Number of protein chains: 2
Amino acid sequence: MSRQAPTLEDVAREAGVSRATVSRVVNGVRNVDPAIQDLVRQAIARTGYAPNRAARSLVTRRTETVALVVSGAGDASEETQDVFTARVFADPFFGRVVSGVVGYLRPRSMHPVLMFAETEESREQVVRYLRQGSADGALVVSTHGDDPLPARLADNGLPAVLFARPARPVALSYVDLAHRDGGRLAADRLLARGCRRTATVSGPLAVPASQERLDGFRDAMARHGCPWVPSAEGGFTLESGRAAITRLLAAHPDLDGVFAGNDLMAQGVCQVLAEQGRRVPQDVAVVGFDDSSAAVGCRPPLTTVRQPVEDMASAMAGLLDEHIRGARTEPTSLVFDPELVVRASA
Amino acid sequence: MSRQAPTLEDVAREAGVSRATVSRVVNGVRNVDPAIQDLVRQAIARTGYAPNRAARSLVTRRTETVALVVSGAGDASEETQDVFTARVFADPFFGRVVSGVVGYLRPRSMHPVLMFAETEESREQVVRYLRQGSADGALVVSTHGDDPLPARLADNGLPAVLFARPARPVALSYVDLAHRDGGRLAADRLLARGCRRTATVSGPLAVPASQERLDGFRDAMARHGCPWVPSAEGGFTLESGRAAITRLLAAHPDLDGVFAGNDLMAQGVCQVLAEQGRRVPQDVAVVGFDDSSAAVGCRPPLTTVRQPVEDMASAMAGLLDEHIRGARTEPTSLVFDPELVVRASA
DNA sequence: CTGAAAGCGCTAACAG
DNA sequence: CTGTTAGCGCTTTCAG
């Protein structure tokens, strides 16, 4: 199909200058005579030159690539990779992370390599990938609280930034949300509506964020005279939301308000409520969390606690970039504020 | 933080052999004395050696990386990249593609770089990326029929495989579904239920797949005495499904069956139907397309035409791999068969 | 079966 | 401001 790709050498010959000069104009280094710059640019256009990334990386020690890894805590046996991947993308949350990350990376001509790490084997693969210099650093989104990957990355001195604070401290930067405040926002809304017999469908309690949302909710309720809030643990999936509310309803038939740990579970809650003939929000008010596309797709549309995921993801990429460039050396945390978005469900 | 990373040289010295020998054992080339192999392996372990990817790529001219590009036909102005990205991931369909692709790639230690190409600028970026040798080839999933990217890739002689046949012929391999058969499957189901006043909510007609699904459906209906099937065009989103069925219902209040171009739109259809007091499937039966997670999340769960997306995506990656390795030179098409999955909606 | 040597294409001192 | 010169770390003939 194609002749050998042209190299710097070819362009240099074509323009009648040295390789170094061509390299300078390609990399936008000043100190090059405008006339010669033009000459070189023409030669580049004529030859259709494209700089070889591997050669450049070899000397710059940069790939302009970062690993975007979705990481679980699972053993190989727990579930197959297919199931894991499917679950990850079933939650609109992850799409927003990608969107934010790409929003930061792309204008800088950087690119994300998608990796999944839910088994020991795949965690090794991620570490190896980075140690080989295939990517300059890692952005990691954990689905479990006790994900061993962050520590592994830190131990290897690999640049990495986490989405959400890890369950046990690690010397890595992270972005996170003030989850407790989010729980409070949900409680305030339900209280304002007059709900007093509320319950929550929490996310996995092993995930710090789930626990904090729950704590924030309970604190606020307690402060208003509701000392005890029954709760059922879910797994952030629609199905688990359905199961949790079903249990809750059986034990507490007089519920008048539900706070779900994410929108997907809130959607499941709304479904079951409707199936059992309860009107939302008249009979039972429902508040979700995230403000993902599920919140809008749900009937009724969900009142929910918005997590500025795109901004957080973008900031995460920015932090990593700074670590890579050496512009930042100490681990840092960036905590964002949640916001109540009122729709129809509460 | 870290001492300079060890190189082949270091390992060689440590093991008392030459670089070439170390390279051989690292790459699993035989013709190396087992005893020496052991020696080298120990040296590798001791030094913590990890081969430098850039250096290797420079000589092998392979990166073991492929671009996974989601491509639209938009102009820069049409919509922002954020919106595009969000829309892409809002459809569970894309998650399945990723799952299938990763399923093929990972066991082979290959990795996908995620790219979005909905503007001219970003299309250029994709081509440049590949021409620089940053990735060995591209897997492209187009959201529009008249996506200019495939032709651009073919013109540059870059290895690429498409998900779905492009609107206008291009000399690239692709995987696809027998969409017409899928439409027929949906019609057969509706007919078997006794529906005679059916309508369809199609995908964008600029996408060949949408048109074919519609054609297949209409053909089958016509063959059973229903010559005319009203149709409203949607955009594969839940919202567009809602809008389309609303129009349809206004014009044809006596509908008894709906075929939607994908599950997300079918979900919108079910919502509106419920809101208007029509029971699914008793009053109106609904058949979706894809068998994505939306089909299960929908109330009632959707009867739908299953597209084996993971298998297709995996096959797509396989084709690309063959093209890259030179094991396949001619463009090839792989067409998969759809399958009816019966749930509650029809 | 192993070692020596020649690059892969590029950047970055260092001279001029 | 431009050219010369070393490599970056690895694979791969080609000898031995």
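In this text the structure is predicted, and so the values were computed from the model without any measurement. Order of the sequence lines fixes the chain letters, A, B, ..., with proteins taken first and strands second; residue numbering starts at 1 for each chain.
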Who are the side chain to side chain contact (heavy atoms under 4.5 Å, CB included) partners of [X], not counting sequence neighbours?
{"X": "A:P308", "value": "A:L177, A:D311, A:M312, A:F336"}
{"X": "B:D33", "value": "B:A35, B:I36"}
{"X": "A:A167", "value": "A:P208"}
{"X": "A:L39", "value": "none"}

Completion exercise
With sequence neighbours left out, the residues meeting salt bridge (charged side-chain N to carboxylate O under 4.0 Å, His left out) with B:R13 are B:D10
Problem - Partners meeting salt bridge (charged side-chain N to carboxylate O under 4.0 Å, His left out) with A:E9 (sequence neighbours left out) - result: A:R19
Completion exercise
Contacts satisfying ring pair (Phe, Tyr, Trp, His ring centres under 6.0 Å) that involve residues 40-63 of chain B (not counting sequence neighbours) are none
Fill in the blank from the handout: Residue pair B:R61/B:I36 against DNA chain C: nearer the 5' end by closest nucleotide is B:I36
Practice task
Using the salt bridge (Lys or Arg N to Asp or Glu O under 4.0 Å) rule, collect all pairs that involve residues 314-330 of chain A, keeping only residues at least two apart or in two chains.
Solution key: A:D321-A:R325, A:E322-A:R328
Fill in the blank from the handout: Taking five pairs at each terminus, the helix from C:dC1-D:dG16 to C:dG16-D:dC1 shows an axis bend, to 10°, of 30°
Just the table, please: protein N/O against nucleotides 10-13 of chain D N/O, every pair under 3.5 Å.
| from | atom 1 | to | atom 2 | distance (Å) |
| --- | --- | --- | --- | --- |
| D:dC10 | OP1 | B:Y49 | OH | 2.4 |
| D:dC10 | OP1 | B:N52 | N | 3.1 |
| D:dC10 | OP2 | B:L8 | N | 2.5 |
| D:dC10 | N4 | B:R19 | NH2 | 2.7 |
| D:dT11 | OP1 | B:N27 | OD1 | 3.3 |
| D:dT11 | OP1 | B:N27 | ND2 | 3.0 |
| D:dT11 | OP1 | B:R56 | NE | 3.1 |
| D:dT11 | OP2 | B:S23 | OG | 2.7 |
| D:dT11 | OP2 | B:N27 | ND2 | 3.4 |
| D:dT11 | O4 | B:R19 | NH2 | 3.3 |

Problem - Residue list, ring-ring contact (aromatic ring centres under 6.0 Å, His included) with A:F94, at least two apart or on another chain - result: A:F89
Practice task
Using a strict 4.0 Å threshold on nitrogen-to-oxygen distance, state whether B:R106 and A:E121 make a salt bridge.
Solution key: no
Problem - chain B footprint on DNA chain C, 5' to 3' - any atom under 4.0 Å from a heavy atom - result: C:dC1 to C:dG9
